[in-house]
There are 4 protein chains.
Amino acid sequence: MSDKTTAERHRLPPQVRVQQILDAAFHVFAEKGFVATRIDDIASAAGLSKGGVYNHFSSKEEIFSSMVRYRVEQRPPIEMPDEATQITVDLICETFVAPVYAVFADDDEIRLLRIIMVEAARSSAHPADRLGAYSQPFVEKLQQVVDRGIEQGNLKASAFSRSVGLIVTPALGYMFNRLVGGETSAAAVAAYRAEHIALLREVLTADKE
Amino acid sequence: MSDKTTAERHRLPPQVRVQQILDAAFHVFAEKGFVATRIDDIASAAGLSKGGVYNHFSSKEEIFSSMVRYRVEQRPPIEMPDEATQITVDLICETFVAPVYAVFADDDEIRLLRIIMVEAARSSAHPADRLGAYSQPFVEKLQQVVDRGIEQGNLKASAFSRSVGLIVTPALGYMFNRLVGGETSAAAVAAYRAEHIALLREVLTADKE
Amino acid sequence: MSDKTTAERHRLPPQVRVQQILDAAFHVFAEKGFVATRIDDIASAAGLSKGGVYNHFSSKEEIFSSMVRYRVEQRPPIEMPDEATQITVDLICETFVAPVYAVFADDDEIRLLRIIMVEAARSSAHPADRLGAYSQPFVEKLQQVVDRGIEQGNLKASAFSRSVGLIVTPALGYMFNRLVGGETSAAAVAAYRAEHIALLREVLTADKE
Amino acid sequence: MSDKTTAERHRLPPQVRVQQILDAAFHVFAEKGFVATRIDDIASAAGLSKGGVYNHFSSKEEIFSSMVRYRVEQRPPIEMPDEATQITVDLICETFVAPVYAVFADDDEIRLLRIIMVEAARSSAHPADRLGAYSQPFVEKLQQVVDRGIEQGNLKASAFSRSVGLIVTPALGYMFNRLVGGETSAAAVAAYRAEHIALLREVLTADKE
DNA sequence: AATGAATGAGTTTTCATTCAT
DNA sequence: GATGAATGAAAACTCATTCAT
C-alpha cells in the first residue's frame with residue numbers, strides 16, 4: 001500500500017545524478033584536498049545521502065579520478081587560426097596567452113590545479129596525465145602557429161620560436177602567486193600581463209624594413 | 001629509511017630533538033601531506049615515540065607550522081655581487097637563475113611547495129606569507145643588480161629590466177612540470193634551461209659597438 | 001552483565017537506540033564517574049559499537065548531559081492530595097517523606113547524586129540546576145500541604161511549618177550515610193526512619209482536646 | 001667543578017615537602033576529582049616537578065589516600081564540656097551544631113566531602129572509613145551530653161534524645177545544597193540555621209514549672 | 001633529591017564502506 | 001535507487017610511570 005510513497009523521492013536519471021556528484025565533489029575536493037574530504041560532504045553538497053553516492057561510485061578514489069577526468073575534458077580546445085590568417089604577436093596573445101591568464105584567473109581552475117599537483121604526489125600520478133593530455137596539444141599547436149608566422153615574415157626566429165613553451169611561462173608567475181595563496185590586485189595583474197606582452201613583442205616581432 | 005632507530009637515543013637536549021623532529025616532519029609531511037601524515041610516522045622517523053613528540057610540540061598543527069618556518073628560514077639568502085663587479089647576463093644567470101633551477105630540482109623543495117599550496121587552501125594562507133618573505137627580497141635584489149648592469153652599459157633596458165620577475169619565470173615551466181609529477185630527463189631540462197638563458201641573452205645583452 | 005549483547009541488534013529506530021544508550025550511559029557513568037567512563041563501555045553496554053554511539057551523540061559530554069536530563073525528567077512528580085483530604089502527619093509521611101527515603105534507598109539514585117556532585121565541581125553546575133528544578137516544586141507543594149493541615153486544625157505551627165524543608169532533612173542523614181558508602185542494615189534504616197516520623201509527630205501534631 | 005651548582009636547588013626537608021605535596025594534592029583533587037587530576041598538576045601546584053613527587057610517593061593512589069588521611073586527622077576533635085557544666089540547648093548548639101555548620105561553610109571541606117563520596121564508589125571505600133572514624137565519636141559524645149542534660153533536668157526526652165543524630169541532620173540540608181553546587185546567600189543560611197535552632201529549642205527544652 | 005625527556009598503553013573521535021530497510 | 005544506522009580500523013592526543021642526568 002504505502003510501498004512507493006517514500007521510496008521514489010528524487011529519483012533522477014543516472015547521468016544527471018553523476019554530474020551533480022562530480023560537481024559537488026570538485027568543490028569539496030578543491031576546498032579540502034583528497035584526504036580531508038568526507039563522502040558525507042560530497043553527498044550533502046550533491047543533495048544526496050552517503051549511501052546514494054555509493055550507488056554511482058564505488059569508492060572515494062573513483063569519485064576523485066572521475067571528477068578530474070570530467071573537469072579536464074570539459075575544457076574547450078584551442079582553435080587553430082585559418083591557414084590564410086596572418087600570424088602576428090597580437091594574434092598569438094589573443095589565441096594562446098589570453099586563455100592561459102583566463103584559466104589562472106578562475107578560482108575553480110586554480111583549485112583544480114592544486115589538487116592535481118598534490119594528488120600527483122599521492123597515488124600513481126593519474127590526474128597529472130590528464131593535464132599532460134591537455135597541455136601537449138596546446139604546445140604543438142602553438143609551435144605550428146609560430147612557425148607559420150615566421151614563414152609569413154611576421155615573426156622573427158628567437159628563443160621563443162625555438163622553444164615555444166617559453167612564450168607562456170611568464171603567466172606561470174601569476175599562476176604561482178595564485179597557487180600559493182597570494183592576493184593580487186586586478187591592476188597589478190594587468191600591468192604584469194602588459195609587460196609579458198611587451199616582452200613577446202620585443203622578441204618576436206619581425207624587423208620590417 | 002630507518003637508520004637512526006637504534007643509533008642515538010634517550011635524553012637528548014631539547015633543541016637537538018626539536019630539530020630532529022622538524023627534519024623528520026618535513027619528509028613525512030612532504031611525502032603524505034598534512035592530513036595523511038600520522039604523528040607516529042614523524043615520531044618513528046625521528047627515532048622517538050609518539051608521546052616523545054608531544055613533549056616538544058603540542059599538536060600536529062604546531063609541528064607543521066614550525067616545520068615550514070624552520071625550512072624557509074633555513075634557505076641561504078642570495079648574495080649580492082660586489083659593487084665593483086661587472087653585471088653581465090652570465091652573472092645574473094649564475095647568481096639568480098641557477099639557484100631557482102637548483103631549488104626546483106630538489107625533490108624536497110618541490111614537496112615543500114606542494115605542502116605550502118595545500119595549506120594555503122586550508123588555513124588562511126599563513127605558510128604562503130613565509131614564502132613571500134623569501135621571494136620579495138629576491139626580486140628586489142635582482143632589480144638592483146639589473147639596474148646596475150644597465151648603468152654599467154652591460155645590459156639593455158627591456159621588459160625584463162622593467163619587470164625583473166619575468167627573468168626567472170621560464171624556470172617556473174620546469175617547476176610546473178615537476179609539481180605536476182612529470183618525469184623529465186636531465187638532458188631535456190638542460191636544453192630547456194639553455195633556451196631560457198639564450199632568451200635572456202637575446203633580450204638583455206647591450207648592443208656593443 | 002552483558003545480556004543484550006546478542007539479543008536485539010541492527011538498525012533500530014533512533015529513539016529506541018538513544019534510550020538504550022542513555023540507559024547504558026547512566027549505569028556506566030554511575031559506576032565509574034565521567035572521566036573514567038569509556039565510550040566503549042557505554043557502547044557495549046548498549047549492545048552497539050563505539051562508532052554506533054557517535055551516530056546519535058556527538059561527544060561524551062553530550063551523552064552525559066542528555067543522560068542527566070533524561071534521568072531527572074523521568075522522575076514522577078509528587079501528587080498533591082485532594083482539596084478535601086484531611087492533612088495529617090501520617091499523610092505527610094506517606095506523600096512526602098516516604099518518596100525521599102525511597103529515592104535514597106535506590107542505588108541508582110545514589111549514584112546519580114554522586115555524579116551530579118562531581119559535575120557540579122567540574123563544569124559550571126549545570127546538572128545541579130536540573131536537580132533544583134525537581135526539589136523546588138517539592139518544597140512548595142509541601143508548604144501548601146502543611147499550611148492546609150494547620151488550617152484544618154490537624155497540624156500545629158512550629159519550626160517545621162515555618163521552614164518545611166526541615167521536615168525531610170532527617171532523611172539526609174540516611175542519604176549521607178549512603179553517599180559515603182556506609183553499609184546499613186534494613187532494620188537500622190527502619191528504626192532511624194521510625195524516629196524521624198516520631199519526631200514529626202511530636203512536633204507537628206496539633207494538640208487536640 | 002660545577003657539580004652541585006644546579007643540583008641542590010630547593011632541597012627541602014622531606015616532611016615539609018610531603019606536606020606541601022599533600023596540600024597541593026588536596027586542592028587539585030578537590031577541584032578535578034581523582035581521575036582528572038594529573039600528577040603534573042599536583043607537582044606544579046607544589047612547586048615541584050613530576051619526578052620530584054615520585055620521590056615521596058609511589059603512585060597517584062598513594063598520594064590520594066595519604067591526603068585524605070592527613071586532612072581528616074587534621075580536624076580538631078569535639079571537646080566535651082566539664083562534668084559540672086549545665087547542659088542547655090544553647091550549649092549543644094554551640095558545641096555540636098555550630099561546628100557542623102562551620103565545616104559545611106568551608107569550601108575546602110565541601111570539596112573534600114565530595115571527593116570522599118565519589119571515591120567511595122571507586123576502589124574499596126577506604127576514604128569513607130576515615131570519615132566514619134571521625135563521625136562516630138561525635139555522635140557518641142553528643143549522646144552523652146544530651147543524656148546528661150536530661151539528668152540535669154534541663155532537657156526533655158524526645159526523638160532527638162533517643163536518636164541524637166537527628167539533632168544535626170537539618171544542617172545536612174545546607175550541606176546537600178553546597179555539595180550539589182547551589183549558591184546560597186549568607187542571610188538565607190543564617191535564617192535556615194535559626195529555624196534549625198528554634199526546632200531544637202521547641203523539642204528539647206525541658207518544661208520548667 | 002630533583003628534573004623533565006621518554007615511553008606506551010589507553011581514550012576520544014573520525015570516516016570509508018557496508019547493508020538492512 | 002535512496003537512506004542512514006552500524007561497523008571497525010585508524011589516528012590524535014593524554015598521562016602515569018620510569019629513568020638518565
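In what follows, chains carry the letters A, B, and so on, assigned in the order in which the sequence lines appear, proteins first and then strands, with residues in each chain numbered from 1. Any value given below was found using the heavy atoms of this structure, including those in side chains, with hydrogens, waters and symmetry copies removed.
Here B:S59 lies in heavy-atom contact (under 4.0 Å) with sugar-phosphate atoms only. As judged by a 4.0 angstrom heavy-atom cut-off over every strand, C:T37 is placed among residues touching the sugar-phosphate backbone only.
Remark: the B:R11 side chain and the E:dG4 base include a donor-acceptor N/O pair separated by less than 3.5 Å. For A:K50 and E:dT17, a side-chain-to-base donor-acceptor distance below 3.5 Å is present, hydrogens and geometry of angles not being considered.
Distances were taken from every side-chain heavy atom of A:N55 (C-beta onward) to each of F:dT14, F:dA2, F:dT7; the shortest belongs to F:dA2. Of the candidates F:dT17, F:dA2, F:dA6, the closest approach to any side-chain atom of A:R17 belongs to F:dA2. Which of E:dG8, F:dA6, F:dA16 sits closest to the side chain of C:L12 comes down to F:dA6. With F:dT7, F:dA2, F:dG1 as the choices, the nucleotide that has an atom nearest any side-chain atom of A:L48 turns out to be F:dA2.
Rounded to whole angstrom, the span from the CG atom of A:D40 across to the P atom of F:dA6 amounts to 15 Å. The OH-C1' distance, from A:Y54 to E:dT18, rounds to 9 Å in whole Å. The interatomic distance linking A:I39 (CD1) with E:dC19 (C1') rounds to 16 Å, in whole Å.
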Original post:
Can you give the dot-bracket line for DNA chain F, where a pair is Watson-Crick or G-U wobble with both atom distances under 3.5 Å, crossing pairs use [ ], and | marks a partner on another strand?
Top reply: .||||||||||||||||||||

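Of the inter-residue distances, the one linking A:R17 atom CZ with A:I21 atom CD1 reads 7.0 Å to the nearest 0.5 angstrom. Rounding to the nearest 0.5 Å gives a distance of 11.0 Å between CD of C:E31 and CZ of C:F26. Rounding to the nearest 0.5 Å gives a distance of 10.5 Å between CG of A:L22 and NE2 of A:H56.
With contacts defined as side-chain heavy-atom distances shorter than 4.5 Å, the pair B:K60/B:F34 qualifies.
If C:G52 and B:K60 are placed on DNA chain F by their nearest nucleotide, the residue sitting closer to the 5' end is C:G52.
Checking the phosphate oxygens (OP1, OP2) of F:dG4, no side-chain nitrogen or oxygen of C:H56 falls inside 4.0 Å.
Looking only at distances, a side-chain donor or acceptor of B:R114 sits under 3.5 Å from a matching main-chain atom of A:M117.
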